[in-house]
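Scroll down for the structure; my scribbles are underneath it.
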Amino acid sequence: MMDKTFDPAAVEARVGAAWETEGAFRAGRPERAGAEPYCIVIPPPNVTGSLHIGHALNNTLQDILCRFERMRGRDVLWQPGTDHAGIATQMVVERQLMERQQPGRRELGREAFLEKVWAWKEESGGAIVGQLKRLGASCDWSRERFTMDEGLSEAVLKTFVDLHAQGLIYRDKRLVNWDPKFQTAISDLEVLQVETKGNLWYFDYPVVDEADGLTGETITVATTRPETMLGDTAVAVHPDDKRYTGLIGKKVLLPLVRRAIPIVADTYSDPEKGTGAVKITPAHDFNDFEVGRRHGLRAINVLDEEGQMLLAGNEAFLQDADPEPEALELHGLDRAVARKRVVALMEEKGLLLKIEPNVHAVPHGDRSGVVIEPYLTDQWYVNVKPLAERALQAVRDGETRFVPENNEKVFFQWLTNIEPWCISRQLWWGHQIPAWFDEDGGIYVALNEQEAQAKAASARGGPVTLRRDEDVLDTWFSSALWPFSTLGWPEATPELARYYPTNTLVTGKDILFFWVARMIMMGLHLTDKAPFSTVYLHALVRDATGAKMSKSKGNVVDPLGLIEQYGADALRFTLAALAAPGRDIKLGPNQVESYRNFATKLWNASRFAEMNGCRLDPDFKPEAAKAVLNRWALGEAARAVSEVATALDAYRFNDAAAAAYRFVWNIFCDWYLELAKPVLQGEGVDPALKNETQKSIAYLIDQIAKLLHPFMPFLTEELWAIKGEGMVDRGLLTLASWPDLSGLANSEAEAEVGFLVELISEIRSARSETNVPAGAQIPLVLVGVDGTVRERVQRWQDTLLRLARLSEIRFETDAPKNSVQLLVRGSVAALPLEGIVDLAAEVDRLRKEAGKTEGEIKKLDGKLNNADFVARAPEEVVEEQRERRDSEAARLEKIREALTRLTDQG
RNA sequence: GGGCGCGUAGCUCAGCGGGAGAGCACUUCCUUGACAUGGAAGGGGUCACAGGUUCGAUCCCUGUCGCGCCCACCA
């Protein structure tokens with residue numbers, strides 16, 4: 001006996017264990033050796049993270065695809081693993097040390113600190129995997145990888161060394177985005193521009209003559225960053241700006257610093273902005289850096305790695321300058337504090353002309369949240385331009401396609417304007433860069449120190465002392481190799497041969513550039529193949545009001561909480577049902593609740609089947625079913641199966657979920673089981689009919705379990721087990737085949753059952769509208785119907801009596817006095833309700849309906865009488881409209897007859 | 001500034017050239033033996049606005065208004 005209620009927690013544990021024992025999700029199961037492979041690589045979650053709602057969506061969608069393809073017989077590899085997530089993880093561990101008041105990173109030193117991180121990884125690395133399993137993710141867990149495990153690290157080293165040898169990786173001294181909090185360089189993508197309210201300060205710079213004597217003239221510059229003026233090495237004006245033509249070539253004496261710097265002409269200067277004269281600080285601004293290059297200006301760095309003023313002992317700063325004592329006192333101040341001091345000093349000197357409020361975008365670190373500094377350092381870069389060109393070509397050629405398609409445009413736009421990728425990070429947690437320096441600035445890139453030594457020795461003509469670059473690589477550098485490094489690349493493994501290139505990548509559109517683009521570039525360059533053929537990009541999950549979820553706002557929806565409350569199946573189905581392509585998902589608990597109800601509904605339908613002796617018969621042949629009702633239900637199921645499959649093939653998860661939902665609830669439960677009740681529970685029913693109906697119901701529940709398995713794996717696996725009890729060699733549902741109900745569609749059955757359904761609906765509607773008490777049984781009269789309809793109605797007599805609450809069914813040539821008359825597929829059914837129904841109201845109702853029908857006919861006539869329409873519209877459209885007009889006209893005729901009967905007799 | 005997308009029932013959203021849909025919410029009725037996490041019935045929409053293309057526009061085009069997101073931008 002099935003339990004009265006479905007208990008998700010117990011079932012999830014039991015079913016999960018059964019899958020694990022069977023090794024159901026292992027790729028390359030022997031029986032599938034000849035099957036076509038299907039492979040998805042998981043977007044590796046942060047090893048120290050925990051499952052958030054975005055993961056839940058992302059992995060639900062992947063799991064739906066994997067289970068669907070597995071049931072279609074493919075040899076599925078869903079490759080799992082985790083990412084070391086450089087900055088994020090290092091940050092977590094550092095914070096933890098601080099909270100525990102333990103020695104910090106620098107005190108510990110590199111080796112000891114890394115030990116702490118590895119310990120933390122071991123401790124928390126299993127958490128997210130366990131959480132993915134709770135969601136039902138059917139990954140091949142035996143193949144789990146980590147971006148810093150041995151094999152993947154080798155792949156990273158080899159890639160770095162090879163790309164360096166090819167000239168695609170190089171070292172360069174230029175401005176980078178510097179994060180003063182983490183004291184590391186970050187890539188352009190890790191910088192977020194934040195609209196910030198600030199000021200525009202106008203400073204007067206005094207113009208000097210050849211001998212650096214004041215001329216009395218000034219030039220006014222506007223700046224949002226007063227503190228950087230200490231590093232100014234020029235003032236630029238537009239060559240065509242008449243206001244300044246006389247000043248070009250002259251010099252100004254930089255206030256506070258007393259450094260003479262030139263006024264140069266450069267088209268970078270925009271006469272419309274500020275004063276048209278712009279101070280140039282090559283070491284602290286990307287644009288100024290370029291201007292500096294063009295004019296041979298010095299780049300004077302005035303900040304240290306923490307974003308504090310670096311003046312004392314700063315040779316570049318002191319050279320050719322004579323700083324005022326107040327200026328030197330700025331040393332060591334944070335840039336924000338220094339800014340205020342500089343403004344104050346300039347004001348004291350009477351050089352502050354005015355202050356204007358100004359809103360502008362300020363770069364912030366996406367992880368640290370602090371203001372990013374353009375900073376002059378040596379870093380490693382990948383010249384991604386040539387790689388990008390190939391990636392663009394692959395997408396243009398359709399080797400990889402995007403779903404939804406419009407993401408292609410975004411992809412094209414970014415790759416077309418791509419800049420070199422800064423890949424070195426001044427962190428400890430990550431892949432240490434395989435580069436060694438000698439004492440004379442020689443750089444040797446090699447797979448290991450011995451090779452580097454060899455290279456150095458041959459370059460220098462003898463052994464030299466080498467020091468390894470301390471920096472590590474950007475996390476995304478190793479992620480970019482994920483689709484093939486996890487399969488064993490650079491070794492030519494059987495897995496690589498069988499499952500690569502992978503089929504589908506499912507990920508959030510927020511990491512299109514970070515990850516997807518880089519995988520495509522690296523994949524093409526290193527393996528000569530695009531790493532996947534389809535990229536499905538889903539949107540963000542937001543809270544019920546549409547706000548972005550964040551810890552600080554306190555509006556995060558915890559998927560594990562939802563799983564505990566409603567079950568994993570309910571959460572999964574909800575996410576699938578809401579996953580309309582290209583739209584953000586707004587998720588609140590009541591959505592999950594409604595789909596939990598759906599799970600309950602299916603559970604109860606199965607209980608009903610059990611209570612009514614519906615047992616699976618392995619010999620049941622659906623195509624041989626005789627009863628109209630069963631043939632109808634089987635036909636509807638066939639349609640649902642094909643709708644779901646079509647939708648999934650197009651990555652329309654929401655449509656697939658809706659089609660399955662509609663069939664199970666609105667067809668199978670609402671009508672099939674209800675219509676079958678008289679057969680199952682009535683007296684004197686033909687035993688053969690009853691038997692066939694029982695078997696058909698059991699069969700369809702089995703098909704429903706299959707149909708819903710990709711969405712609700714736990715519940716359906718449990719039902720499969722319950723229904724299959726005692727059957728030998730049935731195996732697990734998750735390894736069973738996708739339903740094949742082709743050929744079961746049946747239009748005759750649809751005509752008959754469809755009529756029945758409509759008739760019952762019409763009667764119920766009329767009863768309700770005329771306020772017939774729900775418990776009252778009333779007679780039904782079929783008026784002047786032909787033999788076919790009469791037979792039909794007689795065949796369904798018991799069902800009609802029961803579902804429409806009728807006392808009897810009569811066949812008459814005329815409608816009884818004072819009755820409500822219904823039109824059902826061309827037949828007239830009357831409910832004699834004298835004394836109950838308000839005659840005048842019924843006349844009103846019919847008149848209203850006649851009016852509506854007339855309106856329809858008028859509209860259709862308008863079309864059909866339009867010569868242009870008939871001439872230009874496609875034949876089948878015209879024909880369709882004609883048919884509609886005819887049926888509306890017939891309907892109007894019947895309504896009028898009904899009205900006549902009512903009014904004549906009334 | 002450049003790009004992408006969205007404005008359809010109270011809410012969340014499907015539909016995207018020929019009859020306006022679903023779920024939730026709401027109203028009324030029903031504890032009938034699968035299910036009240038349920039059943040039955042019902043109300044509710046100039047498909048943002050204005051032009052255009054078309055025999056025909058919620059759907060295609062243009063513009064306007066409103067709302068998101070991405071990229072670039074510290075004068």
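Not measured: the values here are computed from a predicted model. Numbers restart at 1 for each chain; the letters A, B, ... are given by sequence-line order, proteins then strands.
- Spacing between atom CG of A:D270 and atom P of B:rG1 amounts to 14 Å, rounded to whole angstrom units.
- Contact of A:K409 with B:rC4 (side chain to base): no donor-acceptor pair of N or O atoms is detected under 3.5 Å.
- For A:E849, the salt bridge (charged side-chain N to carboxylate O under 4.0 Å, His left out) partners at least two apart in sequence or on another chain are A:R845, A:R891.
- At a threshold of 4.0 angstrom between heavy atoms, the contacts of A:S269 include nucleobase atoms, whether or not backbone atoms are also involved.
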Report the secondary structure of RNA chain B in dot-bracket form, marking unpaired bases with a dot and bases paired to a different strand with |, and treating Watson-Crick or G-U pairs with both distances under 3.5 Å as paired.
-> ((((((((.[[[[.)..(..]]]].(((((.......))))).....[[[[[..)....]]]]])))))))....
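- Judged by closest nucleotide on RNA chain B, A:L578 is the one of A:L578 and A:S887 placed further toward the 5' end.
- The gap from the C1' atom of B:rC30 to that of B:rC47 amounts to 36 Å, rounded to the nearest Å.
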Can you give one letter per nucleotide of nucleotides 68-74 of chain B, 5' to 3': B if a protein heavy atom sits under 4.0 Å from the base, S if only from the sugar-phosphate, - if neither?
-> -SSS-BB
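- One finds no salt bridge joining A:E888 and A:R885 here, because no Lys/Arg side-chain nitrogen approaches an Asp/Glu carboxylate oxygen to under 4.0 Å.
- A salt bridge is defined here as a Lys NZ or Arg NE, NH1 or NH2 lying under 4.0 Å from an Asp or Glu carboxylate O, and A:D702 with A:K723 fails to meet this definition.
- Ring-plane geometry between A:H284 and A:Y375 is classed as tilted, the angle between the planes lying from 30 to 60 degrees on a 0 to 90 degree scale.
- Between B:rU54 and B:rC59, the two C1' atoms lie 13 Å apart (nearest whole Å).
- Among the nucleotides B:rG39, B:rG18, B:rG23, the one closest to the side chain of A:K601 is B:rG39.
- Applying the 3.5 Å distance criterion, the base of B:rA34 shares a donor-acceptor pair with the side chain of A:E674.
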